[in-house]
Amino acid sequence: MPSSLPDRYDFATEPETYKAWVEAGAFTAHPERSSRVGGDRTPYTIVMPPPNVTAILHVGHGLNNAIQDVIMRWARMKGAEALWVPGTDHAGIATQNVVEKLVASEGKTRFDLGREAFVKRTEAFVAQTGGTILEQLRAIGASADWSRTAYTLSPELSVAVREAFVRLYERGLIYRGHRVIHWCPRCLTSLSDEEAEFTDEPGKLYHIAYQVSGPGSEALVIATTRPETMLGDVALAVNPNDERYRDLIGKMVKLPIVGIEIPVVADDYADPAFGTGVVKITPAHDANDYEVGRRHSLPMPVIIDEHGVVREVTDADGRVPAELAGLDRFAAREKIVELLRQSGALQKIENHNHAVRHCYRCDTVVEPRLSDQWFVKMEPLAKPALQAVRDGAIRILPERWEAVYVNWLTNIRDWNISRQLWWGHRVPVWYCDECDPPQNIIVSRDDLTECPYCGCAVRQDEDVLDTWFSSGLWPLSTLGWPNEKSPDLQAFYPTDTLVTAPEILFFWVARMVMLGYEFAGRAPYHTVYLHGTARDTQHRKMSKSLGNGIDPMDVIELYGADALRWTLIAGMGMGADVVLDPNDIDKSFATGRNFGTKLWNIGRFLLDRVGDDPVQPLAAADRAAMTRADEWILSRLDAAIAECDRALGPLWPTTTHDSADGLIWRESERYAGLKLNEYAESARQFVWNELADWYLESLKGRLDAPGPDRDIARSVLVHAFDQALRLLHPVVPFVTESLWQRLPGHVDGAFLVNASWPTMTNAEPSQAAREFEQVREVVLAVRQIRGDNAVAPGKMIDVIIRPSSAGGATLRALLEQELPTIGRLTRSETRVADSAPEGAAAHAVIGGGTEIIVPLAGLIDVDKECARLRGEVAELEKQIISREGRLSNAKYVERAPPNVVASDRAILQEMKTKREQLSDKVRSLCGA
RNA sequence: GGGCGAAUAGCUCAGUUGGUUAGAGCACCUGCCUUACACGCAGGGUGUCGGGGGUUCGAGUCCCUCUUCGCCCACCA
């Protein structure tokens, strides 16, 4: 109902539109339609990176999901059987931390509650607050298939996790290792290499003398950044090739404070160039020292416990003096330095910057700790994952990340998957205290209570699995694996594209690839799209702790989801960061808001002028009766479609290659496509700068007079707008759907979300379309002359066009026919002539030598007569500016901010009066 | 320490294999409320393509070098 179209787009209707889509089943995928199981549609699948179950939406999520939604909606319109699997991650450490804080606010620790009660508490917390973010994703318009919402800790996915563990164990790829691992003394859990993040910090290098035993007073000086660990020293190491210390190898030195004797060993680990070339060996508290200790069969006393407190833990009899026992590691450091100073062993302290590992969750300094952990052997898993990217079965966009991925996988180290937490998938391993190895360790798919060998009671491993172990299975587990007969698995695995941030390339992306090959023999996706980060104007990452974030829900409430989506998508180069100003939301999202409004106004005008009468489909319209403008806009539409298609690229690799992977990217397409900003810009350019600025403006007159020409114009107009809405729908789904539903001829129950993506009709612009370009050139030239000569916008002028002789009679005829259009677009009385008029005139020469002449007689004088009034208005404006700092809309009393109106009403009124006088003057002088 | 990348308008960035006068969006400047839209219309580029050197008829683009930033990886005690 065009007549009922509101003046402004009401984005409060977005939830209704969303509901209608869901009720129409627009987001629900049908496995039986997949071509992989005999259906007639190629499947296109994205698994959503599962946000933490306790998360609330931030701009990063908004960006991530807006990108995915654009791709999904585009794939759906292209005719794919589109599936977007949503879900959440139980997020081991993160969620446990949140609940532990809650428990702490009640004055308790998780140990006070006990494991069972704590897990129950966490489950209750998740049940109550979890999934908020999925609701918020609906608000931004995410077209996910909610009937398939998954959760990494659900019963179904837990089956997958256990199956994966058991299979890897049976293949010998999971093993138990006694190793020095990264330990967080606050979270009381081990961390993977990736979870223990380096920061460069100023520290101190302490030089300590160890007295050599025997005759003489020789001493060896070592340098350490962690003097407190000396209590656990079992040796000093020197490089076997270091001439300085060759004679000392095999001798004993006295460990200060402790007073026991330890050997000097030769090991390549000691770097002659660093410090004194002598290094102390503390196997239980340093990963490298541990390796040295193993090579030399040294004891491994543990002198720091799981809380980071110095005490005799194991094999440390008498090593920790009473005055140090019970001190925190950092307090112990101070104390030990003091003791060393007193004993004279401390030689000097230097400033020294070094990299310190911190817990990625709580930022506590990580403590290396000797303990038993489960590891995954990575090298065999990495091999196919590496090959996939090298061969082009998987592409990573932007391309430069491929090198980073390859580099990491080439030097991969084993993955510590056990975590000493309570929240997560418990390690499916049971221990029997009665049986002898190897029967004392039982790995099982089912829960065990008794030993299958001796029938005794067994106990389950206390640890849970790294949260990334379960998310690493995400593309498989959400589709029903390990049930190979699962319809979803058969129809939709492998998936197509993964959209995420580069930070989790190793944590998650690479591990999914490895596990995909391991369990399905196929890569989980052919495209990895890594997007940038949301940053503030100082280029700082938006974060909760910095308080520089923007709540996407605020933006949606203020300007609607489309404005948010447009701003994020159109403003983001591939892989580039999105910069927004958290202190000026209005300015940050103006682009999106403005575009939505413009689109709405185009629709409002167009639908109003087209009216309710039936519109002939373009295919049935008489092509011969079309104007040059009609032909032109249709050719521009074709160009826009081509540009959008080029920017978005192929949905999937277009060649079927006989390899284990099936599909390999061809070189020409490998890095093509998914340039979402270029796509958005192309579509915008068409609808705004071509359809609205030129076609609508040039056709205004034609729509007022009934007749065949009006009908042709209506056909072309409705067709072009319909196609434009389709092109724009993936970015701004709500406003395009609202407008599309109102197009004349719309069939009840049809949705733009399900409509087909436009296809080009003509590769080359027609002759008539090219001729319209000449009309545009004339118009642009005349406008420029008007601007250069400060001709009042309302003033009607004379324009003389002198066609180039090269164009001949054809050009002359063309220009004469288009005079009404040129006149309308330039406010001029235009004619074609062969000679220039007498007197002053402005000239412009356009393509091919055609000359545009505008006589200036009278024009300048007219403006002079208005100059006085203009000057007076300007004076008044200056008064406002001097008071308000800026003018903007304070120029007009109707639009000025309330505070300005309050203080300057008189000036504004006077200004208005003067403006009206000026307007009248100009009109009368122009004879309008 | 190793590797990768970037440096182009006030800001964010495009600039294919070297080739006319270097582009877009936002911002900015000038004028305008013209009956869809001032969240708009018309006009305007505001630039030593980080510095230096080289190859070439021709360099933002290729090579060398310097400077500055960013990212990834890494066991310098």
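Sequence lines set the chain letters: A, B, ... in the order given, protein chains first and strands last, and positions in each chain run from 1.
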Requested in this report: Report yes if a side-chain nitrogen or oxygen of A/Arg783 is closer than 4.0 Å to either non-bridging phosphate oxygen (OP1 or OP2) of B/G44; otherwise report no.
Outcome: no
Query raised in the report: Considering only side-chain heavy atoms of A/Arg593, which listed nucleotide, B/C39, B/A77, B/G25, is closest?
Result: B/C39
Requested in this report: Could you let me know what B/C75 is paired to, Watson-Crick or G-U wobble, both distances under 3.5 Å, or none if it's on its own?
Outcome: none
Query - Side chain of A/Ala692 - closest among B/A36, B/C75, B/G43 - result: B/A36
Query - Given B/C39, B/A77, B/C72, the nucleotide with the shortest approach to the side chain of A/Phe506 - result: B/C72
Requested in this report: Give a yes or no on whether A/Glu829 atom CD has more than 12 heavy-atom contacts from other residues, nucleotides or ligands under 6.0 Å away.
Outcome: no
Query raised in the report: Any side-chain heavy atom of A/Leu780 sitting closer than 4.5 Å to one from A/Glu777?
Result: no
Query raised in the report: Of all the nucleotides listed (B/C37, B/C73, B/G25), which has the minimum atom distance to the side chain of A/Glu681?
Result: B/G25
**Report entry** Nucleotide opposite B/U61 in a Watson-Crick or G-U pair, distances under 3.5 Å
**Finding:** none
Report task. Please tell me which of the listed nucleotides, B/C75, B/G25, B/C73, lies nearest to the side chain of A/Arg684? Result -> B/G25
Query raised in the report: Can you check side chain to side chain contact (heavy atoms under 4.5 Å, CB included) on A/Leu599 and A/Leu739, steps first, answer last?
Result: CA-CA 9 Å; A/Leu599 195 55; A/Leu739 288 167; 4.1 Å; yes
Requested in this report: May I ask you to say what A/Asp693 touches in the nucleic acid, namely base, sugar-phosphate or nothing, with a heavy-atom cut-off under 4.0 Å?
Outcome: sugar-phosphate
Report summary line: Whichever of A/Leu696 and A/Thr591 has the more 5' nearest nucleotide on RNA chain B, that residue is A/Thr591
Query raised in the report: Mind checking whether A/Arg824 and A/Glu697 have side chains closer than 4.5 Å, heavy atoms only?
Result: no
**Report entry** G-U wobble or Watson-Crick pairing nucleotide for B/A38 (cut-off 3.5 Å, both distances)
**Finding:** none
Query raised in the report: What does B/G70 pair with, Watson-Crick or G-U, if both distances are under 3.5 Å?
Result: B/C4
Query - Nearest-nucleotide comparison on RNA chain B, the residue closer to the 5′ end among A/Val779 and A/Lys587 - result: A/Lys587
Report task. Side chain of A/Asp286 only, please: which of B/A36, B/C71, B/A77 is the nearest? Result -> B/A77
Report summary line: Closest to the side chain of A/Val279, out of B/G40, B/A77, B/A14, is B/A77
Query raised in the report: So does A/Trp688 get a side-chain nitrogen or oxygen closer than 4.0 Å to the phosphate oxygens (OP1/OP2) of B/C41?
Result: yes
Report summary line: Applying side-chain hydrogen bond (donor to acceptor under 3.5 Å, both in side chains) to A/Tyr559 and not counting sequence neighbours gives A/Asp586
Query raised in the report: Does atom CD of A/Glu503 have more than 12 heavy-atom neighbours, drawn from other residues, nucleotides or ligands, at distances under 6.0 Å?
Result: yes
Report summary line: Ranking B/U34, B/C39, B/A36 by distance to the side chain of A/Thr597, first place goes to B/C39
Query raised in the report: Any N or O donor-acceptor pair linking the side chain of A/Lys598 to the base of B/C37 at under 3.5 Å?
Result: yes
Query raised in the report: For the side chain of A/Leu780, counting heavy atoms from C-beta on, which of B/C73, B/G43, B/C39 is nearest?
Result: B/G43
Requested in this report: Check every atom of B/C41, B/A36, B/U12 against the side chain of A/Ile602 and return the nucleotide holding the closest atom.
Outcome: B/A36
Query raised in the report: Do A/Glu697 and B/A36 have a side chain to base donor-acceptor pair shorter than 3.5 Å?
Result: yes
Report summary line: When both distances are under 3.5 Å in a Watson-Crick or G-U wobble arrangement, the nucleotide paired with B/U56 is none
Query raised in the report: Do any side-chain nitrogens or oxygens of A/Gln685 fall under 4.0 Å of OP1 or OP2 in B/A24?
Result: no
Query - G-U wobble or Watson-Crick pairing nucleotide for B/U20 (cut-off 3.5 Å, both distances) - result: none
